[in-house]
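Here the structure is laid out as structure tokens; the discussion comes afterwards.
In what follows, every heavy atom counts, from backbone to side chain, and hydrogens, waters and symmetry copies are set aside. A note on names: the letters A, B, ... follow the listed sequences, proteins ahead of strands, and every chain is numbered from 1.
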Amino acid sequence: MADLESFRAETRAWLEANCPEEMRQPIRDDDDVCWGGRNVKFKSEAQKLWLERMGAKGWTVPEWPKQYGGGGLDRAEAKVLAEEMRRIKARSPLSSFGIWMLGPALLKYGNEAQKLEHLPKIARGEIRWCQGYSEPGAGSDLASLRTSAEDKGDHYLVNGSKVWTSYADKADWIFCLVRTDPTAPKHLGISFLLFDMASEGVSTSPIKLISGSSPFCQTFFDNVKVPKENLMGEPGKGWTIAKYLLTHERNMIGGSDSTGGGQRDSVSNIARKLIGLDAAILADTALRTDIARHEMNALAFSLTMERVLAEAKAGQDTGALSSMLKYYGTELNKERMELLMSIRGSDGLTWEGEEKGEGDLARSWLRSRANSIEGGTSEVQLNIIAKRVLDLPGA
Amino acid sequence: MADLESFRAETRAWLEANCPEEMRQPIRDDDDVCWGGRNVKFKSEAQKLWLERMGAKGWTVPEWPKQYGGGGLDRAEAKVLAEEMRRIKARSPLSSFGIWMLGPALLKYGNEAQKLEHLPKIARGEIRWCQGYSEPGAGSDLASLRTSAEDKGDHYLVNGSKVWTSYADKADWIFCLVRTDPTAPKHLGISFLLFDMASEGVSTSPIKLISGSSPFCQTFFDNVKVPKENLMGEPGKGWTIAKYLLTHERNMIGGSDSTGGGQRDSVSNIARKLIGLDAAILADTALRTDIARHEMNALAFSLTMERVLAEAKAGQDTGALSSMLKYYGTELNKERMELLMSIRGSDGLTWEGEEKGEGDLARSWLRSRANSIEGGTSEVQLNIIAKRVLDLPGA
Amino acid sequence: MALVLTEDQQMIRDSAEGFFKDEAPVSQHRALRDAKDATGFSRDVWTRMAGMGFAGVLVPEAHGGADMGHVAAGIILEAMGKNLSAAPMLSTAVLGATALRAGTPEQQAKYLPLIAQGAHLLALAADEAARHKPSHVATTATPSGNGFRLNGVKGFVLDGHVADTLIVAARTDGETDDRAGITLFLVNPKADGVKIDRRSMVDSRNAAKVTLSDVQVDGADVLGNVGEGFAILEKMLDAGRACLAAEMLGVSGQAFATTVDYLKQREQFGQKIGSFQALQHRAAHLFCEIELARSATLKALQALDEGSDRAPMFVSLAKAKAGDVAILATNEGVQMHGGIGMTDEYDIGFFMKRARAAQETFGDSAFHGDRIARQLGY
Amino acid sequence: MALVLTEDQQMIRDSAEGFFKDEAPVSQHRALRDAKDATGFSRDVWTRMAGMGFAGVLVPEAHGGADMGHVAAGIILEAMGKNLSAAPMLSTAVLGATALRAGTPEQQAKYLPLIAQGAHLLALAADEAARHKPSHVATTATPSGNGFRLNGVKGFVLDGHVADTLIVAARTDGETDDRAGITLFLVNPKADGVKIDRRSMVDSRNAAKVTLSDVQVDGADVLGNVGEGFAILEKMLDAGRACLAAEMLGVSGQAFATTVDYLKQREQFGQKIGSFQALQHRAAHLFCEIELARSATLKALQALDEGSDRAPMFVSLAKAKAGDVAILATNEGVQMHGGIGMTDEYDIGFFMKRARAAQETFGDSAFHGDRIARQLGY
């Protein structure tokens, strides 16, 4: 414990000295989030400095081993770091699918050369990754994917296309599910391939969403040559890696990241500001009932995340519960956005107006509708719970 | 129109002269409802007189032809009769599955001899019928029924058992689905048989429900001999008749009968009386929100019944909508009972207390849970809507 | 009145459905949106709508209208909802005509024929709170010259950016939330002191912010009696709400039809997704909900035509139910479409946007649930 | 505190689950019901529960209790919920012990050991309104002799028919709905002027109506300070509510397990009904809901053990969530069982009855939703 306290003191001092003042301000818009990559455009010198300093210490990925660019911290130390960052309201230096998704899979399934090659670049924000899972017309049905990787001796020849690749137009590399054995049954012929988006034959086309933004792309592969050493794990075992990785994604979407964590203002606080009180209760009693019901569920849900984490830490088996967190968390977030739209009334309908930020709520609301579709639809999560947790029979 | 007005005047005069004062009082308990039958026990002389007088005029079944014991009225005249009865708050003289269910099917599928034999006795309340559809372990899956009717030349030999036969222990005759052709595929070997519950080999055993009452029986057939002329419709066409009849039953359960019509006090009136107002709104605002939501749906539902009837009258095809009425009406009634339990709070929990009527609400609440099971479960109704109305593909 | 369309009304329905499908389909809505069209609708289509008698659906025949009543107006709006047709139907033909019918003979003679011809656009400038509350009027009208001087700010003035006349609710007496003391004025948007800021909305329609700074109106511009404008305003709003319910019914119906079609075509895991029972049950439930919304809406429109005392209750029922159902139908539509439902390329998202905007217009289901409860005394 | 059971608590869970499954299973509940047992529970089982330390779970060790805390109490109640075990656990071991811990040293010494031994039963006589409102106390306590004279009527006194001591909330000051001015009294039910009418409830448990007519109590029977009883009452109620949440969690869990088993066995239309996707999705959703109720309940019990300021909020969350989930779980259970779920022969109906009764006890989810909203300032 004494060690931990001295670690805390050192950490606090280092953060005080190294975290630029600007990086201690709340995130205002998308530009404030740093995604790194070859073509990174830093919004400010402070943002650049903060990434470099944290990357150099490995604290963008505190628990990864030092030889792979990580901080080499144990769980307790990582918690101290997180607490100390929260204390000074330090921003996360780097947002990255490499950190959230590929990294954990690489650590588990990658070979030593792959780990040494890719993990440090992820940690320092040098390479930005995207994910190639879904295919046009396949939706949640990942097992029916058709993108082929033909074995050409020293390389694979990749043909096909992927859809819903987040920020593929901005990414440097892709981790991609491909079919290496066209004769094997559905799940079995799939492999997990890493390759450079700058390879010849790769092209991307952004998908415009109902919210007006284009965070996703369709990505096309036309005779893309990928070196054989870029295969991760065993050939035909891509499905296992994908499932492992999807679990991480589900936790991310269902969890505090995209449904927002403690930093968001509560629905009732927003309602109180906008609608006001009447005799100490919210002036709109029907909305109050709905808000209270929502907030109770949101609170019970966040306690459930806390409990699942605590149980996992205590060594209990919680693996199949990621579907629950994904399902319930995304449905709650949609409900939250619907309530905010109701609370804001006609003001929430604005798409474009004279002031900056008008239209943000409507866009966020529309964006939230995708929560229960991306990363496995709510229906797929319920199927998984029914089959894997409840062990109900197949149809 | 002049004819109709004179009919109204005659009807009014007749009702005034013939409807006993006691039969103009609201129905207080089950004994106030007359079900007729061989073993009928009239609660009062007035109840007996009212049934005899109405039966003699055929006005227990105003639109049935006169030769079958009906009133021979046209739709407009029947409406006048109903209006005039409502005007003096006259009770219905007879409750009867014969009228609601078997009668319409007999009129459509029965032969002349069967009509002449059975319809007048139904009209006069002399014979009380019950329904033999469901079988133990088959639930909503009527097509898999196993009760057999073996062709023995001049008679069928019936063996098997039925469950959920309403008031089978009080009924005189049963209309019953039986399998006459064990080799035909599921729906095709089924026939529609009428027989006397006093026949040798018929026995009944009441089923105790969670509400404490036993309105249903299990009914056993042990080598029951049924004359061949008691088969209704063609052999093997029982399924068609059953479907026709279920539609009537669905309308009855989903419609005004068991979900209650205009006579019931509204949820909000009950809440206002028990909970009271505060600044002109219900003192419990959360309950108020839920009650308002329920009452809006209840009102929209009753308007939907009105619209479906109006459309049917205007010659539009509304056949498949009976599943909608059954599904939505029963779910609404369950919701109503849940709300009433909430409104009554701890008082609603009483099962037995010193005063008469204590425990009634809890029993009605428990009874209501069967609404969405009997007469085809809510799930079956939704399947029917999906397949027949929306034409969605089979699994 | 039987709760069913008459033969005449069925004919209106058929011709309205044909008209909007041909003349103002969803693709036109998309094109206007993409062009960032400043008007937000096609004036040409509006002229042809007038030619069909739609603009004058609530205008008396004596003033050149078709005078077909509220059920007919709802039928037209439902067809517009199915096609997401944008036109100043609600603001001018429903709200405007309803308002002017309460006007003086001179006002009627001046405006009603123009409305029926599609030659004059009106807009209601009433809301001041983001959550609809019609009695919340802080805008003042103080005596001045032979009339009044108006000061205040109005939000959410639908079609305010193109209106030829604004109908402004202002307070001549009483406190901000009082029903008494509100007076309606016909205001020329080009008058001195009127400032109009157009805002485009999520559904690509327009609602202006209208700022009134010492705007002088004369006595002839008062609509109805001074201090008694709330009753007219409620009448306008109820006509508008019932027609919005009808429009949302069209939105729900079309979103549902599109979704059911998709369920029948799309395959996943080797099966049509419409064969999955969980989706079947949700679709079947939604079917029932839409039927309930249909009944409530027809009843509300009929009650307005009958001048029934219970019209406000049925209108609130229709607005609340059709609104909730439209939200459900479009949310389910997007979810059942999956990822492509989130893309701008597919139409289903447009229906979701319109459903939300219509839900927030003239009171959402929470507002109307409260209104019904108050009417029923709880 | 990590939101997870400690190893000690897991051991308590295992022993409680084993105990109630063996000693007080649903069949015992049915037998008591069928026998119309006047006590409504087995005194023998209660004695053995005391032997296990359950009766003294909240009694300090100094007074012979096991002092295991609220999490442990909840674990015991959850096991009771799974088996529908009836015993005066809530009224005596939770409410009674919590009340007496606020008593004088003499009161503690007199009552707490007896509670722990299972030798003395208590009952809370507080509610006067059918919908729970603890400040609604009209029962009066007027000074008389060296004490007070009580007059009033109490409804819904759980286990009041067997109590050896009643804990009565009466007003020594203030108006009916004031929180201040309420005083708690320990009242002998055999005292002059106390009338107890047993009522059996839908879940076959008992709640008495207690009528107090000039009942004389002396100063030593006051629990806590005069006029400050509400704080103790809230503490009692919160302990009771959290334990009821735990019991309802047990009810939900067992009803769900029974239903899932049924889905795996029952065939219809030639298939296991558990293979129907619509039922699968409903079951999966219900699974999630039960997990949420579990988290909220554990947090509430931990917050009570920690003496956290936020305990009342977490308790209300747990009571509301566990209550709604229990209603959902038992309703779905009956519906998925179909017709046989409606028969008295199957146990699922008992779970539905207990869920409803527990939901209405000490505030339903509407009450607690309101309480949370007030605590959060809206």
C:D324/B:R293 salt bridge by N-O under 4.0 Å criterion
no

More than 12 heavy atoms of other groups within 6.0 Å of C:K235 NZ
no

Are more than 12 heavy atoms from other residues, nucleotides or ligands located less than 6.0 Å from atom CZ of B:R87?
yes

Just by modelled atom types, is the C:A357 backbone N or O under 3.5 Å from a matching donor or acceptor in the C:E360 side chain?
no

What part of C:Q10 is in contact with chain B, defined as an atom under 4.5 angstrom from a non-hydrogen atom: side chain, backbone, both or neither?
side chain

Under 4.5 Å to a heavy atom of chain C? For B:R288 that would be both

Might you confirm whether atom CD of C:E175 has over 12 heavy atoms from other residues, nucleotides or ligands at distances under 6.0 Å?
no

Please rank B:L309, B:D278, B:L277 by heavy-atom pairs under 4.5 Å with chain C and give me the top one.
B:L277

From C:M11 CE over to C:L5 CG, what is the distance, rounded to the nearest 0.5 angstrom?
13.0 Å

Is C:R294 in contact with chain B via its backbone, its side chain, both, or neither, using a 4.5 Å heavy-atom distance?
both

Under a 4.5 Å heavy-atom cutoff, which of C:L292, C:L263, C:V4, C:T297 has the most pairs with chain B?
C:L292

Okay, C:I372 and chain B: the region with an atom under 4.5 Å from a heavy atom over there is side chain

Sidechain N-carboxylate O distance under 4.0 Å for C:K82, C:E247:
no

With chain C, which of B:A300, B:A386, B:A283 has the greatest number of heavy-atom pairs at distances under 4.5 Å?
B:A300

Chain B contact via C:L298 - which portion, at a heavy-atom distance below 4.5 Å:
side chain

Of all pairs that satisfy ring-ring contact (aromatic ring centres under 6.0 Å, His included), the ones with a partner from residues 299-332 of chain C, not counting sequence neighbours
none

Just so I understand: if I count every heavy-atom pair under 4.5 Å between each of B:T289, B:I291, B:V308 and chain C, which residue has the most?
B:I291

Quick one: what part of B:E331 sits under 4.5 Å from any heavy atom of chain C, side chain, backbone, both or neither?
neither

Leading residue by heavy atom contact count with chain B [cutoff under 4.5 Å; candidates C:K272, C:E291, C:R374]
C:E291

Part of C:A320 lying under 4.5 Å from any heavy atom of chain B
side chain

Does the distance from a Lys or Arg side-chain N to an Asp or Glu carboxylate O, for C:D364 and C:K319, drop under 4.0 Å?
no

I'd like to verify something: which residue of C:A2, C:C288, C:A296 has the highest number of heavy-atom pairs under 4.5 Å with chain B?
C:C288

Pick from C:L279, C:L376, C:I273, C:L317: which one has the most heavy-atom pairs with chain B under 4.5 Å?
C:L317

